[in-house]
Every structure is written in C-alpha cells, then in structure tokens.
Amino acid sequence: MGLIDTHAHLADKSLVCQLPDVLDRACKAGVTQMICVAVDAETAGQAIAIAEANKMVWASVGIHPNYAHEAAPDHWPRIVEHTNHPRVCALGETGLDLHWDDCPFEVQQANFERHWELSRRTDLPLIIHMRDCEREMLTALEKQAALKAPLRGVMHSFAGSTETAEQCLAHGLYISFAGMLTYKKSDELRKTAKTIPLDRLLVETDCPYLTPEPNRSRRPNEPAFVAHTARCLAETIGISTKELGEITTENAKRLFWRMVDK
Ligand SMILES: [Zn+2]
C-alpha cells in the first residue's frame, strides 16, 4: 500500500532526534513520501535540509498564524527565496487561528495574504491552518477568489463543518484529514468526510500532534500512523484502504506538483 503523509512536523525536536527510525517505520507502514511542514523561517530551513537528505521527504515553507507576530523583517524574504528550491512543494503552514490569542488577528490576515500572493507568483499550493475561525476563513477565501486567480491549496487537519468544507471545495481547495477523524467522538467529522469528492481528499498526521487511534494518548504521533487515519477514512467512505491510498497519492501529486518520483 502507498500513502503520502501530507503534513509532518519532522523538524520538531521529538521527531528530528530519531529521524532515521521515524522514516524507517514510515516506510514499513507503507508511506512512500511525506511533506515536512515549517511554521517559521527557522523550521523552513530545517525542512529543506531534511528534504535534501532524505528523498522521501519534501518541504513546505511558510509562517504559521500563531508565529506571524514573531517573524523578523528578514524572515519573509527568506521564505520567498526558498520557493526556488526544487524540494519545496508547498507554502505554509499558514492560515488563521482564533483559538490562541498570541498573534493579533490583523497580523495573521496580512501574513495569510502574502502567502496567497506568493502562491499566485509561484503556482505553489498553500497548506492552510484553520482553528475556531470558519466564518473568518471563508471571508478571507472569498477575498482571494475575487482576484480571479485559482486558489491552490489544502485545508489541513480539517475539523470544520460540512458547509465550510463545501465552500472550500467550491473555491477549488482540497480537504485533508488527520488523527481526529479516528476519535470516538468525531461522528460529525466522519459524516463530513463522506461528502468530500474522492478527487479532493488527502491524508496526513500533523505529527507530533493528534496521534490517531489506536495509539492516541499512548505515543507521540509520527508519519507511520497515517495508515490508521487512512484505514478509518477508507472505512468511513466504504472503499478499500489500498484504493484510498492510490486515490490520495494521486491527489497529492496533482496538488503538490513538484513532488515527483525520483
Ligand atoms: Zn501542522
């Protein structure tokens, strides 16, 4: 079975200190490729270094909404420069977050907008974080859509409503599910998952966070565990895990077009 973990924070200290083992376990679980996602300029550089050293890893570079206020003036130009790197396949993670109030919302909005502008210039897709701000996110997406350029990207670790998913899909975005999908209380999310067209589905771990069942609360998350989320998603929509792996792999390669087999 082949799976792509489209969202892994491999530069996190819990994972980077045991990276060869983490990648080995991922291979054994059927993971063929993964995207190492940055949250700021420092982790962007680390993501690229990890991708250069490991051919199953690709990098996404960008500034997370919760860190946007901490970015120094030279950080954004560094992100822009990184987009020329052949192992960089996406921008982010970026987006909006009203759960934490570390970063003023206007700063988050401006940060999100500059990622969209960079996406239009480079054709690289955005990896979008949305937490407790579905209405604000849809407003931000409408503003971008009004510029008449296609919106390329994925709503990562999706936990919103079916209606929000529908609107994101209408804007051309993909929907990615993480470990939350496997939790007992996530019936609503599983109902939403059933409504997503197969050609817009992706899977991810968001590791080291959100460990899927059956390992939840037992272990920090890692790319190998994307297999549990994939199995749950396949069962939810009524197809085989193998088929789900093929579909989501094809989708990932279409969206993250720089990600080609070497
Ligand atoms: Zn993340």
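Counting starts at 1 for both ligands and their atoms, following the listed order. Every heavy atom of this structure was used, including side-chain atoms; hydrogens, water molecules and symmetry mates were not.
Side chain to side chain, Thr205 and Asn221 fail the donor-acceptor criterion of an N or O pair below 3.5 Å. Side chain to side chain, His156 and Glu204 meet the donor-acceptor criterion of an N or O pair below 3.5 Å.
With sequence neighbours left out, Asp97 forms a side-chain hydrogen bond (donor to acceptor under 3.5 Å, both in side chains) with Asn66, His129. Not counting sequence neighbours, the partners of His115 by the side-chain hydrogen bond (donor to acceptor under 3.5 Å, both in side chains) test are Thr94.
Summarising the hydrophobic clusters (Ile, Leu, Val, Met, Phe, Trp, Tyr; side-chain heavy atoms under 4.5 Å, direct or chained), the residues clustered with Val39 are Tyr67.
A salt bridge does not link Glu117 with Arg120: every distance from a Lys NZ or Arg NE/NH1/NH2 to an Asp or Glu carboxylate oxygen is 4.0 Å or more.
Here 4 is the count of protein N, O or S atoms positioned under 2.8 Å from the Zn ion (ligand 1), waters not counted.
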